[in-house]
Chemist: 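One structure coming up, written as structure tokens, with questions to follow.
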Amino acid sequence: MSERLTKSAARNIFYGGTLFFLAIFIALVAQSHAYILSTSSNNDRLTDAVVRGKHIWEKNSCINCHTIMGEGAYFAPEVGNVWVRYGGKTDPEGAREGLKGWFAAQPTGIEGRRQMPQFNLTEQEANDLIDFLKWTSEVNTQNWPPTPAG
Amino acid sequence: MSYQSQRVALYYFAGALTLFLVQVAVGVLGGTVYVMPNLLSDLLPFNIIRMIHTNALIVWLLMGFMGATYYLLPEETETELHSPKLAIAQFWIFFIAALVTVLGYVLRIHEGREFLEQPLLIKVGIVIVALMFLYNCTMTLLKGRKTAVANVLMLGLWFVAIFFLFAFYNPGNLSLDKMYWWWVVHLWVEGVWELIMAAILAYLMIKLTGVDREVVEKWLYVIVGLSLFTGILGTGHHYYWIGTPGYWRWIGSVFSTLEVIPFFAMVIFTFYMIWKGGRKHPNKAALLWSLGTAVIAFLGAGVWGFLHTLAPVNYYTHGTQVTAAHGHLAFYGAYVMLNIAMMTYALPNLLRRDVYNQALNMWGFWITTAGMCFMTFTLTFAGVVQTHLQRVMGMNYMEVQDQISLFFWYRLGSGVAVLIGVILIVYSLAVPGSRLAKIANGETQPAE
């Protein structure tokens, strides 16, 4: 390495540069925070039911099999758009009944097929969870995923 | 070993290696469920298996970092640790909490955000453990010599704790939740963990090659500078599809591409130092692991990261087996291998034994590394096929998984190879010469 760069110069560049990039990052995240609340996520439709549904999603650790917005485990289908996949945009009642039926039918026990556990959701829990999945599908995700398959 | 208090590192290394075995064994179990999906599906469903696999990994890596810190800090600062007793107490709290947490997972006691599944009480415990650790180490640093290695290491460790505080913030809005969740996950592994990695690597280079400290530490500042200049804004590559503004596709693409540079610099650094030093250090296995961690981190984190980081590519590959491939090799190369490098260097000194069980350790290196590379290739192929069928053709997820099932058999095979390699590594570090060591420990003269 060039002899002109001394250790103390390298140290100063490290500390100065890090503070510089950290400041930019924090500013952009603050702007993104405002953007999420005002524009992309329909925050006005973030009802108590949706928040309760999110906690049901968390309590059962769904993310360690499924992905949501592409993040999670890769063992089971994407659920960020599962509402759309079940036809919720055109037939919300049908989609809701379809999802509830799916929850109730688990585990399928079919040999050679991945098994989803039975989480024994109450009627309200199932509704809350579906509200959360519906809300999630309506977030502006820059058109991701590319196909309804998720 | 020159300072008595360095011996507390033994606890941490033993705890880390124990959890390493748990992590890999449970990983093989998870790989088995992929090909035999009905296995244990009621008793221990896949989500619990994966939770144990990832959490055990993170905890043992952190435990290894702490052990490494307790080992190298007295030498760097040229003073005994502030309180060895506190360090031992801290170990037992941490280790027992980890075991209780795993047991709790089996009994379905957990929270539900990926990697942050620890119940609230355990999270608070983690903060307490971190504070005990940081207090002890910072007091040691304050009273001793302040080298660049020690300063960068402590800076990294402090920010590990600071960013962990975002684990307590869980907003109801999923997009917000995800944005700050990455402050823990990304700013750890693609940010401040790299400071820890570079500092430990620099320490190993000083010890193993005999190159002048001034030269090594200048490299250290350059590497950690490159890591953070690219890695902080590189967080943007997680902000493409979660409801954040579109400009992140540009920022994330550009800066995360540049994240390859610090990893490449680490490769150049290790090879150049070893070439320049020209010293024949007897601990060849430690040298092998040091070179290995730089090279495989470059491949796994650097090359495999770049493979799918550009937004137009990531649009199709996001959340497929391509991500899994990258995750496995990146963690193995950067942080698993680094920890084993440090243990391979430090354990013979701590146990006062000759470094004669090299062959076994190096067999472990090659078998584990080959297994991890093969696993990464199979998952990458699986991911490419999945991306095409699911993301381009729009085929149903479960049908696609059937199409790529052959790759999961290959992945299981490589996982078994990794398990064998890891057993060899742990055995070679822990067992041979322990009778000899007991005799040597009776003597007062320190063996360096």
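Below, all heavy atoms of this structure are taken into account, side chains as well, without hydrogens, waters or symmetry copies. Numbers restart at 1 for each chain; the letters A, B, ... are given by sequence-line order, proteins then strands.
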Chemist: Non-hydrogen atoms of chain B under 4.5 Å away: do they reach the side chain of Val29(A), the backbone, both or neither?
Modeler: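 Both the backbone and the side chain of Val29(A) come within 4.5 Å of chain B.
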Chemist: Quick one, Gln115(A) and Thr108(A) - any side-chain contact, counting heavy atoms below 4.5 Å?
Modeler: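 A side-chain contact under 4.5 Å exists here.
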Chemist: If we define contacts as heavy-atom pairs under 4.5 Å, which of Glu111(A), His66(A), Lys59(A) has the most with chain B?
Modeler: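 Heavy-atom pairs under 4.5 Å are most numerous for Glu111(A).
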Chemist: Specify which of Arg108(B), Met36(B), Lys178(B) makes the most heavy-atom pairs with chain A at under 4.5 Å.
Modeler: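 Top count of heavy-atom pairs under 4.5 Å with chain A: Lys178(B).
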Chemist: Only pairs of heavy atoms separated by less than 4.5 Å count here; which of Tyr15(A), Tyr74(A), Phe20(A) has the most with chain B?
Modeler: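 The option with the most such pairs is Tyr74(A).
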Chemist: Side chain from CB out, backbone as N, CA, C, O: work out which of these in Leu46(A) comes under 4.5 Å of a heavy atom of chain B, or both, or neither.
Modeler: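 Side chain only.
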Chemist: Decide if the gap between the ring center of His186(B) and the ring center of His237(B) is smaller than 6.0 angstrom.
Modeler: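 Yes, the ring of His186(B) comes within the 6.0 Å limit of the ring of His237(B), centre to centre.
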Chemist: Looking at Arg391(B) and Glu78(A), does any basic side-chain N land under 4.0 Å from a carboxylate oxygen?
Modeler: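 Salt bridge between Arg391(B) and Glu78(A), a charged N being under 4.0 Å from a carboxylate O: no.
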Chemist: Verify the neighbour count for atom NZ of Lys89(A): are there more than 12 heavy atoms of other residues, nucleotides or ligands below 6.0 Å?
Modeler: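 Check fails, neighbour count at 12 or below.
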Chemist: Pick one of side chain, backbone, both or neither for Asp177(B), based on which atoms fall under 4.5 Å of a heavy atom in chain A.
Modeler: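 Only the side chain of Asp177(B) comes within 4.5 Å of chain A.
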Chemist: Between Met179(B) and chain A, with a heavy-atom cut-off of 4.5 Å, which part of the residue counts as in contact: side chain, backbone, both or neither?
Modeler: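 Looking at Met179(B), just its side chain touches chain A.
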Chemist: Could you check if a side-chain atom of Ile206(B) sits within less than 4.5 angstrom of a side-chain atom of Val211(B), using non-hydrogen atoms only?
Modeler: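 The answer is no, as the side chains (C-beta and beyond) never meet within the 4.5 Å cut-off.
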Chemist: Could you check which of Gly16(A), Ala10(A), Gly53(A) has the highest count of heavy-atom pairs closer than 4.5 Å to chain B?
Modeler: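 Of the options given, most contacts go to Ala10(A).
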Chemist: Between Glu214(B) and Thr6(A), does the side chain to side chain contact (heavy atoms under 4.5 Å, CB included) criterion hold? Intermediate values first, please.
Modeler: CA-CA 9 Å; Glu214(B) 279 298 300; Thr6(A) 63; over 6 Å; no
Chemist: Looking only at heavy atoms, which two atoms of Pro148(A) and Asn81(A) are closest? And how far apart?
Modeler: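 Nearest heavy atoms, Pro148(A) then Asn81(A): O-ND2, 3.0 Å.
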Chemist: Do you know which of Ala148(B), Ala324(B), Pro45(B) has the most heavy-atom pairs under 4.5 Å to chain A?
Modeler: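 Among Ala148(B), Ala324(B), Pro45(B), the one with the most close pairs to chain A is Ala324(B).
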Chemist: Could you check which of Ser40(A), Pro117(A), Ser8(A), Ala9(A) has the highest count of heavy-atom pairs closer than 4.5 Å to chain B?
Modeler: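 If we count pairs closer than 4.5 Å to chain B, Ser40(A) comes out on top.
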Chemist: Which bit of Leu28(A) is near chain B, if near means a heavy-atom gap under 4.5 Å: side chain, backbone, both or neither?
Modeler: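 For Leu28(A), backbone and side chain are both near chain B.
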Chemist: Flag the pair Leu5(A) / Ile13(A) as yes when at least one side-chain heavy-atom distance between them is below 4.5 Å, and no otherwise.
Modeler: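 A side-chain contact under 4.5 Å exists here.
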Chemist: Can you find a heavy atom in the side chain of Arg114(A) that is under 4.5 Å from one in the side chain of Met398(B)?
Modeler: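 Arg114(A) reaches Met398(B) side chain to side chain.
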Chemist: What option among Asp42(B), Ile48(B), Ile49(B), Thr235(B) has the most heavy-atom pairs under 4.5 Å with chain A?
Modeler: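 Of the candidates given, the most pairs with chain A belong to Thr235(B).
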Chemist: Does any heavy atom of chain B fall under 4.5 Å from the side chain of Tyr35(A), the backbone, both, or neither of them?
Modeler: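 For Tyr35(A), the contact with chain B is made by the side chain alone.
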Chemist: Could you please state which residues from residues 120-147 of chain A sit under 4.5 angstrom from chain B, measuring non-hydrogen atom to non-hydrogen atom, sorted by number, or 'none'?
Modeler: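 Expected list: Phe132(A), Trp135(A), Thr136(A), Val139(A), Asn140(A), Thr141(A), Gln142(A), Asn143(A), Trp144(A), Pro145(A), Pro146(A), Thr147(A).
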Chemist: Counting heavy-atom pairs closer than 4.5 Å to chain A, which one of Met395(B), Gln401(B), Gln321(B), Glu117(B) comes out on top?
Modeler: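 The option with the most such pairs is Gln401(B).
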Chemist: Give a yes or no answer on whether the side chain of Ser256(B) reaches the backbone of Gly252(B) with a donor-acceptor pair at less than 3.5 Å.
Modeler: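 Confirmed, Ser256(B) side chain pairs with Gly252(B) backbone.
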Chemist: Using the side chain to side chain donor-acceptor pair (under 3.5 Å) definition, which of the options Trp241(B), Trp182(B), Trp181(B) pairs with Glu71(A)?
Modeler: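 Only one of Trp241(B), Trp182(B), Trp181(B) forms a side chain to side chain donor-acceptor pair (under 3.5 Å) with Glu71(A), namely Trp182(B).
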Chemist: Report the option among Gln118(A), Glu58(A), Arg113(A) that has the most heavy-atom pairs separated by less than 4.5 Å from atoms of chain B.
Modeler: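 Looking at each of Gln118(A), Glu58(A), Arg113(A) in turn, Glu58(A) comes out on top.
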Chemist: With a 4.5 angstrom heavy-atom cut-off, is it the side chain or the backbone of Thr320(B) that approaches chain A, or both, or neither?
Modeler: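 It is the backbone, since no side chain atom gets that close.
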Chemist: Which residue is it: Gln118(B), Arg50(B), His110(B)? I am looking for the one with a side chain to side chain donor-acceptor pair (under 3.5 Å) to Asn55(B).
Modeler: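 Testing each of Gln118(B), Arg50(B), His110(B) against Asn55(B), the sole residue satisfying side chain to side chain donor-acceptor pair (under 3.5 Å) is Gln118(B).
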Chemist: Most heavy-atom pairs under 4.5 angstrom with chain A, which of Asn173(B), Val392(B), Leu233(B), Asn396(B)?
Modeler: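 The answer is Asn173(B).
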Chemist: Please tell me if the side chains of Phe159(B) and Ile162(B) come closer than 4.5 Å, counting only heavy atoms from C-beta onward.
Modeler: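 The answer is yes, as the side chains (C-beta and beyond) meet within the 4.5 Å cut-off.
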Chemist: Taking Tyr180(B), Phe115(B), Tyr239(B), Phe255(B) one by one, which has the highest count of heavy-atom pairs under 4.5 Å against chain A?
Modeler: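 Highest number of heavy-atom pairs under 4.5 Å: Tyr180(B).
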Chemist: Is chain A contacted by the side chain of Leu155(B), its backbone, both, or neither, given a heavy-atom distance below 4.5 Å?
Modeler: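 Only the side chain of Leu155(B) comes within 4.5 Å of chain A.
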Chemist: Between Leu226(B) and chain A, with a heavy-atom cut-off of 4.5 Å, which part of the residue counts as in contact: side chain, backbone, both or neither?
Modeler: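 Neither part; nothing is under 4.5 Å.
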Chemist: Using non-hydrogen atoms and a 4.5 Å limit, figure out which bit of Pro77(A) sits close to chain B: side chain, backbone, both or neither.
Modeler: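 For Pro77(A), the contact with chain B is made by backbone and side chain together.
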Chemist: Measure across Asn47(B) and Cys65(A) and return the closest heavy-atom pair with its distance rounded to 0.1 Å.
Modeler: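 Shortest heavy-atom contact: N-SG, 3.6 Å.
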Chemist: Relative to chain B, which of Thr18(A), Thr67(A), Val51(A) shows the most heavy atom pairs under 4.5 Å?
Modeler: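 The option with the most such pairs is Thr18(A).
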Chemist: Indicate yes or no: at least one non-hydrogen side-chain atom of Lys218(B) is less than 4.5 angstrom from one of Arg11(A).
Modeler: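 Contact flag for Lys218(B)/Arg11(A) side chains = no.
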Chemist: Leu39(B) versus chain A, heavy atoms under 4.5 Å apart: side chain, backbone, both or neither?
Modeler: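 Neither the backbone nor the side chain of Leu39(B) comes within 4.5 Å of chain A.
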Chemist: What part of Lys54(A) gets closer than 4.5 Å to chain B, counting heavy atoms only: side chain, backbone, both or neither?
Modeler: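 Side chain of Lys54(A) only, per the 4.5 Å heavy-atom cut-off to chain B.
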Chemist: Can you say whether Arg249(B) sits under 4.5 Å from chain A via the side chain, the backbone, both, or neither, judging by heavy atoms?
Modeler: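 The side chain, not the backbone.
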Chemist: Check whether His55(A) gets within reach of chain B through its side chain, its backbone, both or neither, counting any heavy atom under 4.5 Å.
Modeler: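 Looking at His55(A), just its side chain touches chain B.
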Chemist: Could you tell me whether Asp402(B) atom CG has more than 12 heavy atoms of other residues or ligands within 6.0 Å of it?
Modeler: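 Atom CG in Asp402(B) is packed in, count exceeds 12.
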Chemist: What about the rings of Phe46(B) and Tyr34(B), do their centers lie closer together than 6.0 Å?
Modeler: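 Distance test on ring centres: under 6.0 Å, yes.
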Chemist: Against chain A, label Leu379(B) side chain, backbone, both or neither, depending on which of its atoms sit under 4.5 Å from a heavy atom there.
Modeler: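 No part of it gets close to chain A.
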Chemist: So for Phe269(B), is it side chain, backbone, both, or neither that comes closer than 4.5 Å to the heavy atoms of chain A?
Modeler: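 Answer is neither: Phe269(B) stays 4.5 Å or more from chain A.
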Chemist: Run the side chain to side chain contact (heavy atoms under 4.5 Å, CB included) test on Ser61(A) and Met51(B) for me, step by step, so that the C-alpha distance in whole Å, both residues' side-chain angles and the decisive distance to 0.1 Å come before the verdict.
Modeler: CA-CA 9 Å; Ser61(A) 190; Met51(B) 205 184 291; 3.1 Å; yes
Chemist: For a quick test of reading the model, state the closest non-hydrogen atom pair linking Ile56(A) to Cys62(A) and the distance between them.
Modeler: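 Nearest heavy atoms, Ile56(A) then Cys62(A): O-SG, 4.5 Å.
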